[in-house]
Amino acid sequence: AALTVSTDASLSINGSTLDALVLDFDAMLTNNGIINIGSSSAIGRHAIAMSSSSTLINQASSTININNVTEVAFAMNLLAEVTNAGTINIGSTAAVNGAGFAMDNESALTNQSTGLIQINNILSGDGFYMQLSDVINSGTVNIGNIHPILNRGISMELNSQFSNSSTAT
C-alpha cells in the first residue's frame, strides 16, 4: 500500500481514538506537502505507528506537524524507516505525553542535510527512545528548543546508535 501527499496538498488527522496513521507490512508514505496530526483535537494513542518494513519519506520543503498526542508521535518497530529531508515538528503547539520517536527492533531514522527535526513539549517520555535502532543525522535536530522535554532528550539501549555527520547540528 502507498500513500502520497502531493506538493501544495495537505493531510489533516484529528480526533482519532487510537493511532492517527498506521503504516504496516511494507506500506509507504511519501509526503511532498503538509501533514498535520492533532492540530485541532487529541489523538488517542500514536500519531504515526509504523512496523514491518514500512517506510515514510518526508521530502525537502515538506512538513509534518504532530501535536496533542496521548502516547508517541512516531512509534517505529520491526525495520520501520523514516527519511526526512523536510521539516518534522513534534509538540510545538500542544503536548505529546509519550516519546517523540520510540524506535524498536532495527528501526532507522535518516535526517538528511536539508532535514529539520524539532521535538518539544514531551510530558513523560523521551525525545528519542531507541532500542536496537539507529539515527543518522546530517541535518538539524533540536530537542526542547521551544518547550521542555520532561524526561531524557535521547535514550539509547541495546546497541542503538545516534550518528551526527560533521555538518549536523
_Would Asp104 and Asn77 count as a side chain to side chain donor-acceptor pair (under 3.5 Å) here? Give the steps._
CA-CA 5 Å; Asp104 292 308; Asn77 194 12; 5.4 Å; no
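Interatomic distance, Ile149 CD1 to Ile122 CD1, rounded to the nearest 0.5 Å: 4.5 Å. Between the CD1 atom of Ile119 and the CD1 atom of Ile117 there is a distance of 6.5 Å, given to the nearest 0.5 Å. In this structure, the separation between CD on Glu106 and CD on Glu81 is 10.5 Å, given to the nearest 0.5 Å. The structure places OG of Ser41 at 4.5 Å from CG of Asn14, a figure rounded to the nearest 0.5 Å. Note that the CG atom of Asn84 and the CG atom of Leu56 stand 8.5 Å from one another [nearest 0.5 Å].
Legend: ring-ring contact (aromatic ring centres under 6.0 Å, His included) pairs involving residues 58-96, not counting sequence neighbours, sorted by first then second residue: Phe74-Phe101.
You'll find the side chain of Val135 stays beyond 4.5 Å of the side chain of Gln161, heavy atoms only. You'll find the side chain of Met156 stays beyond 4.5 Å of the side chain of Phe128, heavy atoms only. Between Leu21 and Asp19, the closest side-chain pair of non-hydrogen atoms is not below 4.5 Å.
One side chain, Asn65 or Asn36, offers a donor N or O that lies under 3.5 Å from an acceptor on the other. Using a 3.5 Å distance cut-off with no hydrogens or angles, the side chains of Asp24 and Ser51 do pair a donor with an acceptor.
Applying the side-chain contact (heavy atoms from CB on, under 4.5 Å) criterion to Ser62, with sequence neighbours excluded, gives Asn31, Asn32, Asn58, Gln59.
In the displayed structure, Asn159 atom CG is contacted under 6.0 Å by at most 12 heavy atoms of other residues, nucleotides or ligands.
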Do any side-chain atoms of residues 2-9 form donor-acceptor pairs under 3.5 angstrom with protein atoms, and if so which ones, sequence neighbours left out?
none

